[in-house]
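To start, the structure under review is shown below, and the notes come after it.
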Amino acid sequence: MLGEQIKSLRIAHNISQVSLANQLGVTKQSVSNWENNNILPSIEMLKKIATYFCCTTDYLLELDNERVFIDTTGLTLEQIAHIQLLVNDFRTLNPKEKIL
């Protein structure tokens with residue numbers, strides 16, 4: 001569910017509900033309500049949440065299991081290649097761990 005996705009991402013980023021609320025311009029209560037599936041964020045807020053966590057809205061809505069994207073706008077092809085190498089290195093180090 002959406003609330004569980006938001007909570008998992010928030011915890012993985014090691015931030016509090018208050019910090020996330022401040023970053024998104026909402027109250028802590030809003031974040032709490034989303035995480036407890038009491039209310040749903042608006043479409044615009046869903047886009048903000050996805051942007052903040054560098055993931056797709058489809059991932060938040062569990063329509064796609066691709067976890068995260070990395071915005072490489074403005075980077076050279078060489079810099080992007082270095083990032084891909086780092087990602088591959090982490091996969092090699094943690095092949096069996098579940099990564100959020």
Side-chain angles (χ1 to χ4, degrees):
M1 296 184 88
L2 176 60
E4 293 166 1
Q5 296 291 84
I6 294 170
K7 184 175 183 177
S8 293
L9 287 166
R10 180 180 60 75
I11 290 169
H13 284 77
N14 197 30
I15 61 170
S16 67
Q17 287 181 340
V18 172
S19 293
L20 179 57
N22 289 337
Q23 291 295 317
L24 298 174
V26 297
T27 65
K28 180 224 177 259
Q29 189 63 36
S30 292
V31 174
S32 177
N33 278 323
W34 300 335
E35 290 184 0
N36 290 311
N37 294 304
N38 294 329
I39 60 170
L40 296 173
S42 68
I43 293 171
E44 287 304 312
M45 187 54 63
L46 188 65
K47 289 168 38 178
K48 277 183 149 180
I49 295 166
T51 299
Y52 180 79
F53 287 120
C54 295
C55 68
T56 64
T57 54
D58 281 354
Y59 175 75
L60 289 173
L61 297 170
E62 297 184 271
L63 299 173
D64 187 356
N65 60 0
E66 286 296 319
R67 296 172 193 98
V68 179
F69 72 89
I70 298 173
D71 182 4
T72 59
T73 304
L75 299 181
T76 67
L77 289 176
E78 185 178 70
Q79 291 167 327
I80 294 169
H82 284 289
I83 292 169
Q84 187 60 53
L85 288 172
L86 285 170
V87 169
N88 290 339
D89 286 346
F90 281 117
R91 282 191 184 119
T92 302
L93 290 172
N94 304 325
K96 295 181 183 175
E97 286 188 33
K98 182 179 178 183
I99 301 173
L100 294 176

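Remember, predicted model here, so these are calculated numbers, not experimental data.
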| query | For atom CG of Asp89, is the number of surrounding heavy atoms from other residues, nucleotides or ligands below 6.0 Å larger than 12? | reply | yes
| request: Looking only at non-hydrogen atoms, find the nearest pair between Ala21 and Lys28 and report the distance. | output: CB-N, 3.6 Å
| query | Can you find a pair of side-chain heavy atoms, one from Leu9 and one from Tyr52, that are under 4.5 Å apart? | reply | no
| side chain to side chain contact (heavy atoms under 4.5 Å, CB included) with Thr57: which of Leu46, Thr51, Ile49? | Leu46
What donor-acceptor contacts under 3.5 angstrom involve side-chain atoms of residues 38-45, with partners at least two apart or in another chain?
| unit_1 | atom_1 | unit_2 | atom_2 | d |
| --- | --- | --- | --- | --- |
| Asn38 | ND2 | Asn33 | OD1 | 3.1 |
| Ser42 | OG | Met45 | N | 3.0 |
| Glu44 | OE2 | Lys47 | NZ | 3.3 |

| query | Which heavy-atom pair separates Leu24 from Lys48 by the least distance, and what is that distance? | reply | O-NZ, 3.4 Å
| query | Roughly how far, to the nearest 0.5 Å, is NZ of Lys7 from CD of Gln17? | reply | 7.5 Å
| task | With sequence neighbours excluded, tell me which residues meet side-chain hydrogen bond (donor to acceptor under 3.5 Å, both in side chains) with Gln5. | result | none
Mind listing the side-chain donor-acceptor pairs of residues 77-86 below 3.5 Å, one per line with the distance, residues two or more places apart or on another chain?
| unit_1 | atom_1 | unit_2 | atom_2 | d |
| --- | --- | --- | --- | --- |
| Gln79 | OE1 | Thr76 | N | 2.8 |
| Gln79 | OE1 | Thr76 | OG1 | 3.4 |
| Gln84 | NE2 | Asn88 | OD1 | 3.2 |

| query | Does Ile6 share a hydrophobic cluster with Val18, counting links as ILVMFWY side-chain heavy atoms below 4.5 Å and allowing steps through other members? | reply | no
| query | If two hydrophobic side chains count as joined below 4.5 Å and joins carry through other members, does Leu20 share a cluster with Leu61? | reply | yes
| message | To check you understand the geometry: which heavy-atom pair defines the closest contact between Glu62 and Leu2, and what is its length? | response | OE1-N, 4.2 Å
